[in-house]
Amino acid sequence: MEAFSRDGMRFEVVDEGPPDAETIVLLHGFPQSARSWVDVSRPLLAAGYRVIAPDQRGYTPGARPRPRRAYRLEELVADVVALVDAAGVDRVHLVGHDWGGGVAWMVAATRPDRLHTLTVVSAPHPRALVKAMLTGRQLLQAWHVGFFQLPWLPEAAIRARGGRFAVALLKRSGLGDDLARAYVDRLIDDPGGLAGALRWYRAMPLDVSIGRRTGAVTVPTTYVWSTGDVALGRRAAELTGRWVTGPFEFTVLDGVSHWVPEQVPDELAGYILNRIRSV
């Protein structure tokens with residue numbers, strides 16, 4: 001599969017491995033793309049699985065609606081379900097990082113019938129995140145979330161001086177120089193790409209009530225959090241288990257930044273495979 005369609009939109013995907021094997025779906029975050037999973041995919045493919053990584057809406061030219069309401073969680077979840085349908089399978093092993101993790105939590109909470117297992121990287125359960133924002137330092141740590149909801153200013157800041165400011169911020173958060181440059185260049189060189197990626201943040205106020213009401217996850221789940229994550233703190237991570245009623249494992253990576261798929265891909269692939277094999 002090179003792409004799948006939903007509501008007249010076309011989503012590009014990377015689809016590798018035996019078409020009749022158990023399927024793993026990998027959801028990227030900001031400002032990544034399906035290519036951010038390349039090094040994680042290799043061990044999964046070597047283990048005999050089919051691995052599908054989509055460019056999510058806003059990040060793929062054929063699926064870039066302009067209204068911010070088009071980026072509400074219910075739409076992002078429906079995209080994943082459409083991908084699973086297009087793959088020709090009933091259930092998948094779902095993995096998500098950063099924003100992709102937030103979507104993965106919502107798929108598991110609302111459509112557990114389409115999942116075998118869940119592995120979430122960095123992003124805590126939505127209700128754990130809300131609680132940490134209200135009772136801890138999480139709101140300060142995630143300052144960029146509020147900034148990215150402003151009109152035009154985030155685009156100007158990211159494009160400033162050829163993207164140097166944005167590259168510097170990504171490097172400060174732990175991303176390597178080459179990847180930081182590549183991620184920023186991809187967004188600012190692609191017409192509509194930067195605005196599409198930022199609409200995920202601009203839709204957040206429309207989903208506040210949904211985040212507070214997200215149900216418990218019943219599917220077997222692994223949550224991977226890293227101590228060097230400057231955006232997502234320990235309190236939200238440690239609270240996440242309260243909203244998982246199925247088999248649950250909380251894994252902490254010491255000294256690893258927010259960019260877990262890029263920084264320790266083989267280790268992350270091992271945790272994904274352990275969760276898959278547990279069922």
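This one's a predicted model, so the numbers in the text were calculated from it and none came from an experiment.
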> From L273 CG over to T117 OG1, what is the distance, rounded to the nearest 0.5 angstrom?
Replying inline: 10.0 Å

> Does a sphere of radius 6.0 Å around CG in D85 hold more than 12 heavy atoms from other residues, nucleotides or ligands, not counting ones at 6.0 Å or beyond?
Replying inline: yes

> Under 3.5 Å, is there a donor-acceptor pair between the W259 and S173 side chains?
Replying inline: yes

> Please walk me through it: do H28 and W37 pass side-chain contact (heavy atoms from CB on, under 4.5 Å)?
Replying inline: CA-CA 8 Å; H28 68 82; W37 293 107; 3.8 Å; yes

> Taking the side chain as C-beta and beyond, is there a heavy-atom pair between L253 and T227 under 4.5 Å?
Replying inline: no

> F4 vs F11 aromatic rings, parallel, tilted or perpendicular, using cut-offs 30° and 60°?
Replying inline: parallel

> How many angstroms lie between CG in L268 and CD1 in I272, if you round to the nearest 0.5 Å?
Replying inline: 4.0 Å

> Under a 4.0 Å N-O cut-off, is there an ion pair linking R186 with D189?
Replying inline: no

> So do the side chains of E16 and V14 get within less than 4.5 Å of each other, counting heavy atoms only?
Replying inline: yes

> For R10 and T60, what are the C-alpha separation, side-chain angles and deciding distance, and is it a side-chain contact (heavy atoms from CB on, under 4.5 Å)?
Replying inline: CA-CA 8 Å; R10 183 179 186 273; T60 187; over 6 Å; no

> Where is the tightest heavy-atom contact between A109 and V217, given as atom of each residue plus distance?
Replying inline: N-CG2, 4.3 Å

> Would you say the side-chain atoms of W105 pair up with the backbone N or O of G100, donor to acceptor, closer than 3.5 Å?
Replying inline: no

> H97 vs H258 aromatic rings, parallel, tilted or perpendicular, using cut-offs 30° and 60°?
Replying inline: tilted

> Are D55 and R35 ion-paired here, with the side-chain N under 4.0 Å from a carboxylate O?
Replying inline: yes

>> In the structure I gave you, are the side-chain heavy atoms of V252 and F250 within less than 4.5 Å of one another anywhere?
In response: yes

> To the nearest 0.5 Å, what is the distance between CG (D185) and CG (D190)?
Replying inline: 12.0 Å

> Is the closest side-chain heavy-atom distance between L27 and Q56 below 4.5 Å?
Replying inline: yes

>> Does either side chain, that of E22 or that of H93, offer a donor lying less than 3.5 Å from an acceptor on the other one?
In response: yes

> So do P247 and R275 actually touch side chain to side chain, heavy atoms under 4.5 Å?
Replying inline: yes

> Are L83 and M1 close enough that some pair of their side-chain heavy atoms sits under 4.5 Å apart?
Replying inline: yes

> How far apart are the C-alpha atoms of R199 and R57, what are their side-chain angles, what is the distance that settles it, and do they pass the side-chain contact (heavy atoms from CB on, under 4.5 Å) test?
Replying inline: CA-CA 10 Å; R199 287 187 189 112; R57 71 168 55 200; over 6 Å; no

> With distance as the sole test, does R127 use its side chain to make a donor-acceptor pair with the main-chain N or O of T214 at under 3.5 Å?
Replying inline: yes

> Under 3.5 Å, is there a donor-acceptor pair between the side chain of Q138 and the main chain of G233?
Replying inline: yes

> What distance do S41 atom OG and Y49 atom OH have between them, rounded to the nearest 0.5 Å?
Replying inline: 14.0 Å

> So, are E155 and R202 salt-bridged, with charged N and O less than 4.0 Å apart?
Replying inline: yes

>> Looking at every heavy atom in both Q149 and P205, which two are closest together, and how far apart are they?
In response: OE1-CG, 3.2 Å

>> I'd like to know whether T222 forms a side-chain contact (heavy atoms from CB on, under 4.5 Å) with L118, so could you lay out the CA-CA distance, the side-chain angles of the two residues, the decisive distance to 0.1 Å, and finally the verdict.
In response: CA-CA 6 Å; T222 293; L118 174 70; over 6 Å; no

> Do L179 and I188 belong together in a cluster built from hydrophobic side chains that touch within less than 4.5 Å?
Replying inline: yes

>> How close do A236 and A128 get, counting heavy atoms only, and between which atoms?
In response: O-CB, 3.5 Å

> With side chains defined as the heavy atoms from C-beta onward, is the minimum distance between P124 and W225 less than 4.5 Å?
Replying inline: no

> So, the side chain of R50 versus the backbone of D20: is there a donor-acceptor pair under 3.5 Å, distance only?
Replying inline: no

>> If you count every heavy atom of other residues, nucleotides or ligands that lies below 6.0 Å from F165 atom CZ, does the total exceed 12?
In response: no

>> So does L206 get a backbone contact from the side chain of R72, meaning a donor-acceptor N/O pair under 3.5 Å?
In response: yes

> What's the shortest heavy-atom distance between T218 and P112, and which atoms?
Replying inline: OG1-CB, 4.1 Å

>> Please determine whether side-chain hydrogen bond (donor to acceptor under 3.5 Å, both in side chains) holds for the pair Y183 and E262, giving the CA-CA distance in whole Å, both sets of side-chain angles, and the decisive distance to 0.1 Å.
In response: CA-CA 12 Å; Y183 287 171; E262 294 91 344; 2.7 Å; yes

>> So which atom in G29 and which in D98 form the shortest heavy-atom distance, rounded to 0.1 Å?
In response: CA-OD2, 3.5 Å

> What distance do L26 atom CG and I52 atom CD1 have between them, rounded to the nearest 0.5 Å?
Replying inline: 9.0 Å

>> Applying a strict under-4.5 Å side-chain criterion to I, L, V, M, F, W and Y, I'd like to know whether Y59 and V103 cluster together.
In response: yes

>> Measuring only between side-chain heavy atoms, which start at C-beta, is V224 closer than 4.5 Å to V120?
In response: no

> Can you tell me if T110 uses its side chain to pair, donor with acceptor, with the backbone of M106 under 3.5 Å?
Replying inline: yes

> Are F30 and F148 an aromatic pair by the rule of ring centers under 6.0 Å?
Replying inline: yes

> Does a side-chain N-to-carboxylate-O contact under 4.0 Å join D90 and R114?
Replying inline: no

> Just by distance, with hydrogens left out, do E267 and Y271 show a side-chain donor and acceptor under 3.5 Å apart?
Replying inline: yes

> Any chain of hydrophobic side-chain contacts (each under 4.5 Å) joining L170 to V38?
Replying inline: no

>> Donor-acceptor check, side chain of T240 to backbone of H125, threshold 3.5 angstrom: yes or no?
In response: yes

>> I need the minimum non-hydrogen distance between L76 and W200, along with the two atoms involved.
In response: CD1-CZ3, 3.6 Å

> Could you give the distance from CZ (R64) to CE (M9), rounded to the nearest 0.5 Å?
Replying inline: 12.5 Å

> Under a 4.5 Å side-chain heavy-atom rule over Ile, Leu, Val, Met, Phe, Trp and Tyr, are V13 and V40 clustered together?
Replying inline: no

> Would you find a donor on one side and an acceptor on the other, under 3.5 Å apart, between the side chain of R159 and the backbone of P154?
Replying inline: no

> With the 4.5 Å side-chain cut-off for hydrophobic clustering, are L239 and L232 part of the same group?
Replying inline: no

